[in-house]
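Everything below concerns the one structure shown next.
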Amino acid sequence: MRKLPRAFYDRDTVTVARELLGTLLVHVCEGVQRVGRIVEVEAYLGPHDLAAHSSKGLTPRTRVMFGPPGHAYVYMIYGMHFCMNVVTEHQGHASAVLLRALEPVHHVQGATRGPALLCKAMGIDRRMNGHDLLSDELYIGAPRTPPPIRIVPARRIGVDYAGRWAQRLLRFYIKDNPFVSQR
DNA sequence: TGCACGATGAAC
DNA sequence: TTCATCGTGCAC
C-alpha cells in the first residue's frame with residue numbers, strides 16, 4: 001500500500017481532511033495489522049479556530065499540534081476515551097484533522113462509529129501521541145483503486161462552545177456510508 | 001493548590 | 001437526559 005507522504009499533510013487543512021476520506025488507517029499492534037477506511041473527519045484550523053485545542057496556545061497538551069505535519073495528536077477526553085488527530089500544515093500552524101469514523105477493513109473488532117470508538121477498535125491510546133505517521137507502526141495509506149465517493153460537509157460535533165466557529169462546515173463524511181457516526 | 005469542564009459513549 | 005472519570009488550563 002502506498003503510504004501517504006509528508007507533503008500530503010503539509011497542505012491546507014480542509015483539503016487534507018477531504019482527501020483523507022477513503023484512505024486507509026493502519027496500526028500494527030503486537031503483530032496484528034489493523035486496517036480501517038476513513039469515512040468521517042473534522043478539520044481544526046489552528047489557534048484562531050476557537051473549537052481547536054490549539055486556540056489555548058502552545059501547552060504541554062497541544063505541543064504536537066504545533067509540531068510538524070504527518071504526526072498523530074492523540075488526547076484523552078472525558079477522563080476515559082481517546083481521540084486521534086492527524087497534524088496538518090507547516091510547523092507552528094497548529095492545525096489538525098480529527099478522525100471520527102472508520103469502516104472496518106482488516107482485523108478491526110468492535111464499533112468504529114465515533115472518534116473514541118475508532119481509537120478503541122484500532123488499539124490507539126496516549127502512547128501514540130506524537131507518533132510519526134510515516135512510521136511502519138502507524139500510518140495512512142492510499143488504496144490502489146479508490147472508489148468514487150460523494151463528500152458531505154456538515155457542522156462539527158460537540159463544539160457548541162466555540163460560537164460562530166461551531167457553525168462552520170468543517171466536518172466531512174462519505175455520503176451514504178453506513179459507518180459514519182450518528183448524532 | 002483547587003476546580004470546572006470537555007473534539008464521548010452508553011445507559012436510562 | 002444523565003453519568004462515568006481524569007487531565008488540562010486557569011483562577012486564586
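In what follows, chains are A, B, ... by sequence order, proteins preceding strands, each numbered from 1.
We find that Asp49(A) and Arg168(A) are not joined by a salt bridge, their nearest charged nitrogen and carboxylate oxygen being 4.0 Å or further apart.
Residue ring and nucleobase are stacked for Tyr44(A) and dA7(B), with a centre distance beneath 5.5 angstrom and an angle between planes beneath 30°.
Within the structure, every side-chain polar atom (N or O) of Arg171(A) is placed at least 4.0 Å from both OP1 and OP2 of dA7(B). Between dA7(B) and Tyr161(A), a contact under 4.0 Å exists linking OP1 or OP2 to a side-chain N or O.
A cation-pi arrangement, defined by a distance under 6.0 Å to the six-membered ring centre and an angle within 45 degrees of its axis, is present between Arg156(A) and Tyr44(A).
Under the side-chain contact (heavy atoms from CB on, under 4.5 Å) criterion, Pro146(A) pairs with Pro143(A), not counting sequence neighbours. Checked against side-chain contact (heavy atoms from CB on, under 4.5 Å), Glu19(A) has the following partners two or more places apart in sequence or in another chain: Phe8(A), Arg11(A), Thr15(A). Contacts of Met76(A) classified as side-chain contact (heavy atoms from CB on, under 4.5 Å), with partners at least two apart in sequence or in another chain: Phe82(A), Arg126(A).
When side chains are defined from C-beta on, Leu102(A) does not count as touching Arg37(A), because their heavy atoms never get closer than 4.5 Å.
As rounded to the nearest Å, dT2(C) and dC5(B) have P atoms that lie 15 Å from one another.
Nucleic acid contact for Ala116(A): sugar-phosphate only, since backbone atoms but no base atoms lie under 4.0 Å from a heavy atom of the residue.
For DNA chain C, if you chain together Watson-Crick or G-U pairs that step i with j, i+1 with j-1 and so on, the runs of at least three with distances under 3.5 Å are B:1-6 with C:6-11, B:8-11 with C:1-4.
What separates CG of Asp125(A) from C1' of dT8(B) is a distance of 16 Å, to the nearest Å. Residue Tyr75(A) contributes atom OH, which lies 6 Å from atom P of dT8(B) at whole-angstrom precision. The CD1 atom of Ile77(A) sits 6 Å away from the P atom of dT8(B) (whole-angstrom rounding). The CG atom of Leu50(A) sits 14 Å away from the C1' atom of dA7(B) (whole-angstrom rounding). We find that CG of Leu117(A) is positioned 8 Å from C1' of dT8(B), with the value rounded to whole Å. Going from atom CG of Leu118(A) over to atom C1' of dT8(B) covers 13 Å, rounded to whole Å.
Atoms SG and CE, from Cys119(A) and Met84(A) in turn, are 7.5 Å apart once rounded to the nearest 0.5 Å. Here His27(A) contributes atom NE2 and Met128(A) contributes atom CE; the two are 4.0 Å apart, rounded to the nearest 0.5 Å.
Sorted by first then second residue, the ring-ring contact (aromatic ring centres under 6.0 Å, His included) pairs that include residues 132-171 of chain A, not counting sequence neighbours, are His48(A)-Trp165(A).
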- request: Using a 4.0 Å heavy-atom cut-off, write out nucleotides 4-11 of chain C from 5' to 3' as B (base contacted by protein), S (sugar-phosphate only) or - (no contact).
  value: BBB-SSS-

